[in-house]
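Notes for the one structure printed next.
Note that the structure is a prediction, hence the values are computed from the model and not measured.
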Amino acid sequence: MAILVRNLLIYFIFCFAFFISGMIYHLETRLAQKDFSDLLNDIDAKRVTSLVVKDDVVQVTTDDGNQYMTVVQEPAYLVSSWHAGAIRVSYRKDYTEILFFGIGLVFSVSLLLVSWLSLRIKPATPASVFANEKLISPGAEDQQQITFDDVAGIPEAKEELQEIVGFLKNPERYNEIGATAPKGVLLQGPPGTGKTLLARAIAGEAGVPFYSFSGSDFVEMFVGVGAQRVRDLFGEAKKNAPCIVFIDEIDAVGASRKSSSSDGNDERGQTLNALLVEMDGFSPTDNIVVMAATNRPDILDPALKRSGRFDRQINIVPPDIKGRRKILDVHCRKVKVSPDVDLENISVMTSGFTGAEIASLVNEAALLAARHGKKEIDQGDFDLARDRILLGVERKGMVITERDKRILAFHEAGHAIVAKMLPDSDPVHKITIIPRGRALGQTQQLPVNDRQAYSKQYLKNRITTLMGGRAAEELVFGIKSTGGQSDIQQATELATSMVCKWGMSEGLGPQVYMIDDGDFLGSTNHRLAMSIRTENQVDKEIRNLLDECYSEAVAILSNERLFLSVLADILMQVETVDGEEFDIIYSCSVKKKYEFQMENEPADACETGAVQA
């Protein structure tokens with residue numbers, strides 16, 4: 001039908017152009033028209049040399065070569081009186097009606113012919129072109145072949161998918177005992193964890209064609225286009241079996257028909273229905289594996305996730321410290337890295353990074369090294385690259401007054417000292433007052449090992465550390481600045497989760513008052529319905545927890561006032577202090593504090609003071 005509409009449109013445009021051209025030609029070539037009285041005057045003046053009569057139209061030629069036309073009623077009766085002169089008279093038949101009849105006949109026949117041919121000729125495969133544009137064939141020279149050697153940090157997922165590779169390579173072994181491979185594999189996880197890369201690696205390992213699509217490729221303005229694309233895609237896939245069909249961001253087309261606006265009759269609903277039907281239409285001998293990736297498994301249609309369609313649902317999560325080390329090995333093979341670089345330390349520094357972020361880290365480090373004219377990437381380049389990814393570009397042109405800089409130095413020193421003094425707290429990695437991105441400064445803590453669960457004491461220590469900056473400002477300057485906005489926000493969110501999600505409140509007990517939506521794009525929390533009295537009690541518990549942690553931060557900094565001043569003064573001078581330098585400053589301040597106590601305490605209390613120090 002689309003071809004018929006297109007061809008008819010072209011045909012009518014051609015006919016219109018032909019008609020306009022004919023009209024222009026007729027207007028340009030027709031003779032001027034005069035009155036009958038003008039003709040009589042020319043005859044009386046003997047200026048007429050010839051007359052051509054067509055029905056009631058007479059074409060006149062004068063002795064000076066000019067021509068014109070006029071309308072004469074009953075020209076045959078009048079022309080008989082003109083033969084006496086030297087006027088040559090001729091009669092012509094008017095073929096205008098026959099001409100228009102022929103044009104109409106040709107137009108009708110050609111219209112019917114174009115319509116018949118358009119309906120007879122099927123499209124040359126517009127959908128096949130759509131599918132083949134996304135095809136990655138094994139061994140193609142213009143396509144990079146990905147294998148499991150290029151994928152690291154997700155060993156459990158690779159092990160789970162080895163079965164798919166074996167089925168695609170040797171399906172007879174499974175068919176002999178009556179086993180059928182999973183029809184669909186759903187990869188779900190946060191962005192950047194390697195879902196698309198893993199799907200391509202499966203195709204590379206199995207050596208089969210790989211169709212790669214996005215869910216938005218099937219969503220069009222015209223109803224039925226997406227469904228037709230789905231049908232033709234699977235038709236092409238069956239011709240090239242065994243193969244893999246991969247649909248990235250499948251939530252764009254596979255969202256739940258109950259929760260979304262789709263009612264089954266619009267474009268998205270029809271496309272989803274076509275996908276469900278095609279996944280059910282595989283025969284046991286169709287060696288086609290459908291793989292999909294999503295960050296929002298919670299909004300997918302239940303019919304899409306049931307057994308028989310997406311049988312396997314594999315979570316791809318950010319790698320642990322061992323996985324990050326292997327990912328670094330994969331990406332560092334592509335760049336020149338100095339032998340002094342400690343990749344183990346970098347894997348600790350990148351806690352929480354996904355595979356894509358680690359790849360970006362290595363690339364940023366390489367760019368920094370090249371910018372500074374280095375031949376190899378050193379450890380400092382990785383440190384700067386990490387800061388650039390987490391915080392943004394260094395704001396070298398930002399002007400900070402001496403007072404604001406001093407407040408900032410005490411603020412960051414307060415964070416670091418509180419973290420140092422609290423047990424079961426992550427070690428301090430770096431303290432800086434150099435503005436980057438939206439942050440004026442930062443105190444970085446790096447965990448020794450990846451934590452899978454957090455104790456109540458650890459979380460309280462984290463809140464106390466966040467409160468250390470505001471506590472230092474009030475303790476030293478007696479002010480409250482806006483520099484603690486992000487700290488207070490994080491502390492409030494953490495305290496709210498402790499009370500409402502993790503049941504860590506003594507007054508409320510182990511009960512949940514808030515739930516999240518459970519997706520991988522950053523959970524959104526929603527409080528459950530509760531009475532006003534319960535809400536007030538929840539808010540009171542959160543406030544008490546924050547006040548308790550703030551008071552503890554003030555107490556720690558009051559006891560370490562000398563350490564706070566020394567660290568802030570050093571930050572004012574050097575602007576950045578790393579973990580080793582921080583430990584040295586602490587040791588020196590402890591020694592200085594001990595000497596001060598020895599000078600000011602009575603002789604009989606020296607021993608007691610030494611023991612306390």
Side-chain angles (χ1 to χ4, degrees), residues 122-140 142-143 145-146 161 163-172 174-175 179-187 195-220 224-254 270-294 300-301 303-312 314:
K122 294 187 177 179
T125 63
S128 300
V129 173
F130 165 75
N132 291 329
E133 285 179 351
K134 306 288 186 175
L135 174 62
I136 300 176
S137 301
D142 58 338
Q143 298 288 347
Q145 295 299 316
I146 306 295
L161 294 171
E163 185 178 282
I164 305 296
V165 175
F167 172 77
L168 293 172
K169 278 186 174 181
N170 187 14
E172 292 79 10
Y174 294 87
N175 294 333
T180 57
K183 292 182 179 179
V185 178
L186 179 63
L187 305 177
K195 299 182 290 295
T196 305
L197 185 68
L198 185 59
R200 287 192 60 182
I202 295 173
E205 286 286 333
V208 297
F210 181 76
Y211 290 92
S212 178
F213 299 91
S214 172
S216 59
D217 291 336
F218 300 98
V219 180
E220 294 291 344
V225 175
Q228 182 64 35
R229 287 181 174 179
V230 170
R231 288 189 289 268
D232 291 317
L233 162 63
F234 281 93
E236 287 295 310
K238 291 177 182 178
K239 296 176 184 178
N240 294 300
C243 65
I244 293 176
V245 176
F246 177 69
I247 304 175
D248 198 7
E249 306 298 344
I250 194 173
D251 49 273
V253 68
Q270 288 196 17
T271 305
L272 176 57
N273 291 337
L275 181 61
L276 297 175
V277 171
E278 290 296 333
M279 291 189 70
D280 273 341
F282 292 150
S283 67
T285 58
D286 287 335
N287 299 333
I288 301 175
V289 175
V290 181
M291 300 189 68
T294 181
L300 292 181
D301 197 274
L304 198 61
K305 297 192 292 183
R306 72 160 175 82
S307 298
R309 290 195 176 112
F310 283 108
D311 304 270
R312 302 285 177 87
I314 302 175

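Note that the CG atom of Leu233 and the OH atom of Tyr211 stand 7.5 Å from one another [nearest 0.5 Å]. Taking CG of Asp311 as the reference point, atom NZ of Lys305 lies at 14.0 Å (rounded to 0.5 Å). From Ile247, atom CD1 reaches atom CG of Leu275 across 5.0 Å, with rounding to the nearest 0.5 Å. Between Lys195 atom NZ and Leu187 atom CG the span is 8.0 Å, to the nearest 0.5 Å. Atoms CD1 and CE, from Ile288 and Met279 in turn, are 10.5 Å apart once rounded to the nearest 0.5 Å.
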For side-chain contact (heavy atoms from CB on, under 4.5 Å), just list the numbers for Phe310 and Val290, CA-CA rounded to whole Å, side-chain angles, deciding distance to a tenth of an Å, and then say yes or no. CA-CA 8 Å; Phe310 283 108; Val290 181; 4.2 Å; yes
What verdict does the side-chain contact (heavy atoms from CB on, under 4.5 Å) test give for Ile202 and Val289, after you've listed the backbone C-alpha separation in whole Å, the side-chain angles of each residue and the deciding distance to 0.1 Å? CA-CA 10 Å; Ile202 295 173; Val289 175; over 6 Å; no
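Pairing each heavy atom of Ala237 with each of Cys243, the nearest pair is O-SG, 3.4 Å. Ala199 approaches Phe246 most closely through the heavy-atom pair CB-CD1, 3.5 Å. Across all their heavy atoms, Pro209 and Pro242 have their closest contact at CD-O, 3.3 Å.
Looking at residues two or more places apart in sequence or on another chain, you find a salt bridge (Lys or Arg N to Asp or Glu O under 4.0 Å) between Arg309 and Asp280. Taking Asp251 as the reference, Glu249, Thr294, Arg296, Ile299, Leu300 meet the side chain to side chain contact (heavy atoms under 4.5 Å, CB included) condition, with sequence neighbours excluded. The side-chain hydrogen bond (donor to acceptor under 3.5 Å, both in side chains) test applied to Ser214 returns Ser216, not counting sequence neighbours. Among residues two or more places apart in sequence or in another chain, the side chain to side chain contact (heavy atoms under 4.5 Å, CB included) test is passed with Ala206 by Val165, Leu168, Lys169, Val208. By the side chain to side chain contact (heavy atoms under 4.5 Å, CB included) test, Ala274 pairs with Ala227, Val230, Arg231, sequence neighbours left out.
In terms of modelled atom types and a separation under 3.5 Å, the side chain of Asp301 and the main chain of Gly254 share no donor-acceptor contact.
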